[in-house]
Amino acid sequence: MPERELTFAQAVREALAEEMRHDPRVCIFGEDVAEAGTPFKVLSGLVEEFGPERLIDTPISEAGFTGIAVGAAMTGLRPVVDIMFGDFVTLAMDQMVNQAAKIHYMSGGHWRVPMVLRTTLGATRRSAAQHSQSLHAWFSHIPGLKVVLPSTPYDAKGLLKAAIRDENPVVFFEDKMMYKLKGPVPAEDYAIPLGVAEVKRSGDDITLVATSSMVQVALGAANLLEKQSISAEVIDPRTTWPLDEAAILASAKKTSRVIVLDEGYGRYGVASEIAAVIAEGAFYDLDAPVKRMGAMQVPIPFSPPLEDATVPTEETVCAAARAMCKHQL
Amino acid sequence: MPERELTFAQAVREALAEEMRHDPRVCIFGEDVAEAGTPFKVLSGLVEEFGPERLIDTPISEAGFTGIAVGAAMTGLRPVVDIMFGDFVTLAMDQMVNQAAKIHYMSGGHWRVPMVLRTTLGATRRSAAQHSQSLHAWFSHIPGLKVVLPSTPYDAKGLLKAAIRDENPVVFFEDKMMYKLKGPVPAEDYAIPLGVAEVKRSGDDITLVATSSMVQVALGAANLLEKQSISAEVIDPRTTWPLDEAAILASAKKTSRVIVLDEGYGRYGVASEIAAVIAEGAFYDLDAPVKRMGAMQVPIPFSPPLEDATVPTEETVCAAARAMCKHQL
Amino acid sequence: MTTATSNPQAGRDRASDKQLWIHAYRQMVRIRLFEEQVNELYTRALMPGLAHLYSGEEAVAVGVCEALRLEDYITSTHRGHGHCLAKGASPDRMFAELLGKEAGYCRGKGGSMHIADPATGNLGANAIVGGSVGIATGAAFAAKRLGNGRVAVCFFGEGALGQGSLYEVMNLAQLWKLPVLYVCENNLYNEYTHYTETTAGTILGRARAFGLEATVVDGQDVRAVRDAALRLVTRARAGEGPGFLEADTYRYSGHHVGDINREYYRSKQEEHYWKSERDPIQLHAHWLMKQGCADRDSLDQIAVEARAEMVEAVKFAMAAPYPSTHQVEEDVYA
Amino acid sequence: MTTATSNPQAGRDRASDKQLWIHAYRQMVRIRLFEEQVNELYTRALMPGLAHLYSGEEAVAVGVCEALRLEDYITSTHRGHGHCLAKGASPDRMFAELLGKEAGYCRGKGGSMHIADPATGNLGANAIVGGSVGIATGAAFAAKRLGNGRVAVCFFGEGALGQGSLYEVMNLAQLWKLPVLYVCENNLYNEYTHYTETTAGTILGRARAFGLEATVVDGQDVRAVRDAALRLVTRARAGEGPGFLEADTYRYSGHHVGDINREYYRSKQEEHYWKSERDPIQLHAHWLMKQGCADRDSLDQIAVEARAEMVEAVKFAMAAPYPSTHQVEEDVYA
Ligand SMILES: Cc1ncc(C[n+]2csc(CCOP(=O)(O)OP(=O)(O)O)c2C)c(N)n1
Ligand SMILES: Cc1ncc(C[n+]2csc(CCOP(=O)(O)OP(=O)(O)O)c2C)c(N)n1
Ligand SMILES: [Mg+2]
Ligand SMILES: [Mg+2]
């Protein structure tokens, strides 16, 4: 039987639909989530099945409806909040960080906040500086939150189901440039535990640790490298918290050369954390310094040639990997 | 002539007073900044000299008055915004990150946002999880912002003056536990350029890179280490952006062992960035993995014995440094 | 905490009325005496950190909570001891929390500003001004969705009128007709600034602009507060939409226990006036006696009992152990 | 952009009146034809990304900007081309910006949603709904402090009524009597949702609750908009405090250029009604002709000139070079 293929957007939608079917407590808050199915059309069709009582169109009040989701999560629902663009999380940081992340702890374990905040990241959509940021590092920094970064349709579905079933506030980042990416997604129910990395491609000479859409870039780069007889391993942490340090370190120790790729800013970002973890944990096994590649340290520009220069590509990753391996081979 | 001593709070106040005297565009927005001089009394006396026209008491509207400061900065003033506790910056992230940080870039260099946001960081004040965070990593992550972390009264004054004179949005973090710390502060005008680290204590065996109040902890640890014949160098980046990588790497290369100390969460935080920079830039000179020490990965608890366990102390730093050096000596 | 069922419109049963108002009196006295102990603990340097006393405002928490059921929700503020007690928390575990002890409501992790208690529907105090407006509204959303008949009350100081999220959630509450009551405790000051310097226009107008049913009440009159709250709670519970109650009140002490010299922002005369002329406990005592519901002795007896309860509670808390250090890493994730 | 000095209260000079209203007509036509080219560029896949067209709403931007001086400030939105043009920007550099060219207002870095221009007091469009309410209010603060007599106008869609920061800054503007005018362009939709589903209570009530002088105006009537704006701007400039203007209007196209199938959220009839009965340009044309200020030919001539201007401007922009890649790292810090 041929494998079933879905797009990333379809996989997200299917995860939501299945969880809503199986758990009446799950509901979705956000702007234009009902009839419009969001501007990205990720939620198209859900309102027809679950009704406007569970797909709740909100005013443009990110702080307000995120706060409401926190309270609803404490008192018996399992809300999924849709923040259209990741840049708008700036408006809901108190609710997520001072409230959702801390309530379980501050209450001595008495209250729980089982909610998911879904939002987007990623540039190159010609949307300019306020619609292109990848702010997952902020949430990864905060104890009490879990942070998920799916890189394939398969992972998107399995991780989102796990996120919805989790008892904690989870922030789920979808790269908006990946919504049309296709991949195999089984029809049966499955969830991918949060905190388990996956080797997306096995290799020996160099490890590419990559998150979200950078996994696709890394896989492309690995193909290019293969033609140059360099065998790259691609490992995807899938969640920045919990972070599967053991799997990452195992790969780093195996290849002894590592590039960390993340679409957020490298500076004080996800790539730096993972690089620091590797530099510490695989110190005696590394043949070269861990290299970090992320968004260029600039607000994302609108102009296409400028914007394209801000993100790592298969070519730039391949070149960086070659330079690292040449030294050593 | 004996050196003049001021507390950290007095140094901050003096910097503000001098800049307000010399530049009529400087004004201060915040809650209870006028007659009350802020709950920390850092601004006491300023309203008497400069009047309520320039010390502007606001409602409890962090997003509102920070946004107003952004607009005022664009159109001829040089506002200093006072956010009482660093935890409340969660409410002003859109204004700082989507607006202030990006306006110069998005406008192709046509508009400028010369403003300072002063706020606090640091735990152990028995203020619990929503009044004890150190969120400077978030701002350090964002291009377009500069981030300052003074560790002494001298630095506080000189860095704040530089921040106010800077043409960019600058976020200035004061550890609230340091306000009473005394130190020499010259009466004459001086400013400390942003982006220049300082060796606070010279040493040979190990480098302690420390920020903000952790500089004091590092200096204390260095004294303890000296008694055990370990010579620690303490270097203070003073600004996390711009980051003086050259100075930090020079120290790391000299001692070949490094602990990075920062009061924020280590995970995806400032300590990780600096550790990654060192692990990359001093790769061939390090004798041991760079160690990161920061706040424990928990919301800050209220209970004193628990809270005290969350932050590095002279003793824990000393022990960590000893363990690192014992291996190698 | 009573399960109030009386309806202010309907003629009340005298005996149950008497019981209700005596209970309200006791609750106010308990709060006052709880706070006395808090201040004492602070002054004797036995309490870590600071606390924000509720003394003077007791009629608001008590009046509102007397209109609620045990299973209804509340959210509270930095000045939250009164709300906790009025909703049914016990002083011993509260003091234990204030001292950072393991027996506290939050195992010592929350402290004065974060007491929370599922058993009494207390979703938690909040140290962010306005930080709980979304939470309370969300609890009302869940109550409506689950059809469990509960109501959520969101207490906040008039300072929270400065937080934009309040307007966001009032809009949502009205659009969705949520069973929530916003209680604005107007004690005249945002910390050290008179609210008229921070509040343009009108307070009720702000709620009404979003379509909420809004009323102002004398916050020193526990019966007036209770009646107004009951009307709004009943309405909200019936699906008629959210309410907004401004209760005009006064805090006797400083913004927090360490705020001793207050003359630069408010006069001693003003404080004296409120304490001597507008004290909610005294006013209610006079009424009870005038109505023949109680006499001086019975009221004194209530105070004696309450003081004994508080002294016991403090003793319990003082003797209770701190959490052991390994607990610091517990409760981060559920 | 005119330096409007006429006062709606005073009897107007007929000649300058005529000039003003002809100018307003020309501005509206220029905006309409600018947007025509934008849509064309998008349809022909010559424009990167998306754009939000202002067609149908021209009378709002033009009416308001005709009440302003060159040095007054505006802030704008994602749907900002009309505001830019009305405030005096030139189409060639705007198109260049839309195409990401170096000759654009922002050197190509901003694009459609971020055009800014100090020369015409344009503090910038903003892609965050409500993102500029603080900025405009801050510009008004600076104007007042510096005593330079300027006023700031904050344009936003009715969707921004959902953002709490609007209420925070209206409160501050009123407390400090700042010379700012909030212009709420009510085009009935927040993206794909009718505003009545997102907006409880009343719009004007929200501004009035904070003490602002608030008015609603027919946003398809450029003269009514201009007169209402002038009254509020004059008042604000005189130190009498901020104003709030709701302009009822309609966007002819989709939320953005790619929003083609709209029937699930609004009917073709509704669109047809607005376009045929409520078009601000047609309505103003009729008035001008009825008043004898213009005839069909002279109005046609205006359109011909405007179309030629836009075609030229597009040509300029198409021919202009992209920034060179090294520029990506410029302008991060001043
Ligand atoms: C968002 C936020 N800003 C500022 C503070 C600091 N703060 C604590 S209490 C307070 C005043 C609150 O006034 P009000 O809401 O009237 O409550 P009251 O203290 O009078 O009961 C302030 C400004 C805070 N906790 N949260
Ligand atoms: C804070 C924020 N939330 C959501 C969006 C996505 N968004 C862009 S335009 C828009 C609708 C705006 O409606 P309105 O303010 O009425 O302006 P209009 O498009 O009708 O001119 C939304 C939700 C955004 N840009 N910013
Ligand atoms: Mg108050
Ligand atoms: Mg609209």
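Within every chain, numbering begins at 1; the chains are lettered A, B, ... in the order of the sequence lines, protein sequences first and strands thereafter. Scope of the values below: all heavy atoms of this structure, side chains included, with no hydrogens, waters or symmetry mates.
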Visitor: Testing the basics here: between A:Ala129 and B:Lys102, what is the closest heavy-atom pair and its distance to 0.1 Å?
Guide: O-CE, 3.2 Å
Visitor: Looking only at atom types and distance, does a side-chain atom of A:Arg267 sit under 3.5 Å from a main-chain N or O of B:Ser140, one as donor and one as acceptor?
Guide: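 Checking the backbone N and O of B:Ser140 against the side chain of A:Arg267, a donor-acceptor pair under 3.5 Å is found.
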Visitor: Nearest 0.5 Å, please: how far is CE in A:Met93 from CZ in B:Phe88?
Guide: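 One gets 16.0 Å once the value is rounded to the nearest 0.5 Å.
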Visitor: Determine the minimum heavy-atom distance between A:Pro299 and B:Pro143, stating which atoms define it.
Guide: N-CG, 4.0 Å
Visitor: List for me each residue that meets ring-ring contact (aromatic ring centres under 6.0 Å, His included) alongside A:Tyr265, sequence neighbours excluded, and say none if there are none.
Guide: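 Expected list: B:His141.
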Visitor: Would you check if B:Asn98 and A:Gln133 make a side-chain contact, meaning some heavy-atom pair closer than 4.5 Å?
Guide: yes
Visitor: Just verifying a value: how many Å separate B:Ile274 CD1 and A:Tyr268 OH, rounded to the nearest 0.5 Å?
Guide: 5.0 Å
Visitor: What part of B:Val277 gets closer than 4.5 Å to chain A, counting heavy atoms only: side chain, backbone, both or neither?
Guide: both
Visitor: For chain B, which of A:Val89, A:Leu91, A:Ile278, A:Val270 has the most heavy-atom pairs under 4.5 Å?
Guide: A:Val270
Visitor: If we define contacts as heavy-atom pairs under 4.5 Å, which of A:Gly269, A:Ala279, A:Ala275 has the most with chain B?
Guide: A:Gly269
Visitor: If you round to the nearest 0.5 Å, how far is CZ of A:Phe302 from OH of B:Tyr105?
Guide: 13.0 Å
Visitor: Which bit of B:Val298 comes within less than 4.5 Å of chain A, counting heavy atoms only: side chain, backbone, both or neither?
Guide: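 For B:Val298, the contact with chain A is made by backbone and side chain together.
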Visitor: Can you say whether B:Ala128 sits under 4.5 Å from chain A via the side chain, the backbone, both, or neither, judging by heavy atoms?
Guide: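 Interface part for B:Ala128: neither.
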Visitor: Do the side chains of B:Ile142 and A:Leu135 get nearer than 4.5 Å, heavy atoms only?
Guide: yes
Visitor: Taking the side chain as everything from C-beta on, heavy atoms only, tell me whether A:Trp138 gets closer than 4.5 Å to B:Thr90.
Guide: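 No, too far: nothing below the 4.5 Å cut-off.
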Visitor: For A:Leu243, which atoms come within 4.5 Å of any heavy atom of chain B: side chain, backbone, both, or neither?
Guide: side chain
Visitor: Non-hydrogen atoms of chain B under 4.5 Å away: do they reach the side chain of A:Leu145, the backbone, both or neither?
Guide: backbone
Visitor: Supply the atom-to-atom distance A:Phe283 CZ to B:Phe283 CZ, rounded to the nearest 0.5 angstrom.
Guide: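 One gets 7.5 Å once the value is rounded to the nearest 0.5 Å.
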Visitor: Can you check whether B:Met106 reaches A:Gln130 side chain to side chain, under 4.5 Å on heavy atoms?
Guide: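 Yes, close enough: below the 4.5 Å cut-off.
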